[in-house]
2 protein chains.
Amino acid sequence: MLYDEAAVRPRRVARIATRIVKKTRVRLDTDERRAQLVALAKKVFAESAYDEISIDDLAKAAKISKGLLYHYFPTKRDLYIAGLSEIADELVAAVSSLDETLAPIDRVRVSIDAYLDHITRHARAFVSLMRGGIGSDPEVASVVEGVRTRLFDTFLNGQPFAPAFAESARFQTAVRGWIGFVEGASIDWCIHPRLTRLELRELFVQVLFEILRVVAPAELVWKTLPK
Amino acid sequence: MLYDEAAVRPRRVARIATRIVKKTRVRLDTDERRAQLVALAKKVFAESAYDEISIDDLAKAAKISKGLLYHYFPTKRDLYIAGLSEIADELVAAVSSLDETLAPIDRVRVSIDAYLDHITRHARAFVSLMRGGIGSDPEVASVVEGVRTRLFDTFLNGQPFAPAFAESARFQTAVRGWIGFVEGASIDWCIHPRLTRLELRELFVQVLFEILRVVAPAELVWKTLPK
DNA sequence: GTAGTCTATTGACCGTTGTTCAATAGTGCG
DNA sequence: CGCACTATTGAACAACGGTCAATAGACTAC
């Protein structure tokens with residue numbers, strides 16, 4: 001399959017054959033081509049693992065040559081990260097449509113709802129994003145960690161924390177932990193949906209509040225903490 | 001460097017030279033060799049990423065030929081997983097020395113202490129274990145997920161839960177989330193130690209209890225829950 | 001129409017990788 | 001000494017990620 005006849009055929013003959021068959025090249029604008037390739041990467045890498053997909057596979061799927069792919073992305077990893085970043089952006093964007101008129105607690109509720117909605121619809125992409133196709137690659141890790149901090153910002157943005165509270169080490173560690181809680185339970189839930197989406201959401205909200213209560217000194221507790 | 005003189009030298013010449021130099025082969029027992037190779041894999045893969053280390057590197061480090069490596073492990077991935085599994089076993093073993101005489105809450109405390117002790121001493125190995133060198137590989141994922149469930153068992157084993165409680169979906173989801181909490185905060189803490197080890201431990205314990213309180217119906221709450 | 005320019009596109013090529021396998025060399029037994 | 005057993009080797013292989021000079025389609029200018 002690798003060394004088939006066409007591959008070793010001399011260049012000139014191939015050229016003539018090309019003319020005869022009228023195999024016309026498709027010329028695309030730079031931006032269109034880039035967008036097409038990133039879209040393909042998003043789809044393919046959400047379905048299969050990083051090293052199960054070769055550059056040749058991608059080129060064949062895009063109906064272009066390998067060389068052209070390298071004209072747009074310096075390395076396979078760059079293409080992968082481009083796709084992953086878009087998946088990440090979509091997730092963050094889906095969550096961050098916040099309604100200023102809502103009470104803080106309901107704002108969290110809405111955000112988590114949007115979050116669960118989105119990862120339900122894009123379960124495979126979500127898992128492959130969070131599990132990190134190339135776990136040890138620093139760029140990939142920074143995309144994933146970026147999602148966490150951006151999600152955190154979106155969940156809690158504009159909430160009336162006392163500044164001293166928000167900067168305390170306990171608070172930051174606890175929130176990072178809560179993100180881990182949500183992530184772990186979400187991934188588990190994607191595979192074994194033992195709770196309804198609503199039950200899961202309420203669990204997240206309740207746990208968040210309990211964690212904040214544990215972490216915060218009494219006088220700094222979030223104003224809207226129930227009871 | 002790749003195609004150096006020695007490499008392309010005809011076999012017979014090489015053999016004669018070998019005799020002259022008296023380069024004796026080292027013959028090892030099967031189990032010893034296997035153990036040596038797994039130990040090497042553990043060390044190397046804890047330090048560097050999966051695809052930064054080639055089979056040639058490993059063979060050279062072990063002072064054996066590539067072929068022999070494949071005599072013991074059918075594929076590079078198998079060797080990697082063998083090393084990873086030992087790292088995982090060591091972590092679980094370190095945590096699971098439980099003292100039956102202690103009160104349940106203190107047993108959790110001791111376990112978490114051992115956990116933090118261990119990941120402090122083997123931070124790199126821990127991170128590369130939990131971040132998964134080949135994130136999407138199902139076998140690797142199952143090793144990591146195995147660590148989570150075994151840690152969970154160790155943390156909570158022998159605690160006086162009502163069976164109905166332990167089997168409830170809310171409980172299981174919540175505990176899986178707590179594992180995510182501990183993991184996320186631990187990895188964060190390995191990189192930015194903003195809290196003391198003791199503070200972190202107490203945070204974990206408190207959050208665990210609050211989560212259990214949130215999740216459990218009143219009459220089933222862990223007997224030892226403080227207050 | 002034709003010549004020339006620009007650049008999107010190609011395919012042959014390279015070195016390295018993971019993997020295979022027939023050949024080899026130590027070791028112990030009769 | 002001869003023989004079997006197996007730990008060990010090294011050359012070969014296909015596939016991979018990546019490079020590059022050459023090509024072809026679209027545009028402008030005359």
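It should be emphasised that the depicted structure is a prediction, and the values quoted were computed from it without experimental measurement. Keep in mind that the numbers below use all heavy atoms, side chains included, and drop hydrogens, waters and symmetry copies. Per chain, numbering begins at 1; letters A, B, ... match sequence-line order.
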Problem set entry | Partner of B:F126 under side-chain contact (heavy atoms from CB on, under 4.5 Å), chosen from B:T120, B:V147, B:L91 | B:L91

Exercise. Within the structure shown, what part of the strands sits under 4.0 Å from A:I53 by heavy-atom distance: base, sugar-phosphate, or nothing?
Worked result: sugar-phosphate

Problem set entry | First of A:K63 and B:T75 reached from the 5' end of DNA chain C, by closest nucleotide | A:K63

Problem set entry | Position toward the 5' end of DNA chain C (nearest nucleotide), B:R27 or B:K76 | B:K76

If you compare every side-chain N and O of [X] against the phosphate oxygens of [N] (OP1, OP2), does one of them come in below 4.0 Å?
X	N	answer
B:Y72	D:dA7	no
B:S54	C:dT16	no
B:T30	D:dT6	no
A:R77	D:dG17	no
A:H71	C:dA8	yes

Exercise. Is any side-chain N or O of A:K66 under 3.5 Å from a base N or O of D:dG18, one able to act as donor and the other as acceptor?
Worked result: yes

Exercise. Can we say A:E145 and A:R176 salt-bridge, meaning some charged N sits less than 4.0 Å from an Asp/Glu carboxylate O?
Worked result: yes

Exercise. Given B:F181 and B:F204, is the side chain to side chain contact (heavy atoms under 4.5 Å, CB included) satisfied, shown in steps?
Worked result: CA-CA 8 Å; B:F181 183 101; B:F204 287 162; 3.7 Å; yes

For this session: Return yes when atom CD of B:E139 has more than 12 non-hydrogen atoms of other residues, nucleotides or ligands closer than 6.0 Å, and no otherwise.
Result: no

Exercise. How close or far is atom C1' of C:dT17 from atom OH of B:Y80, stated in whole angstroms?
Worked result: 18 Å

Problem set entry | Closest to side chain of B:Y70, choosing from D:dT9, D:dG17, C:dG18 | C:dG18

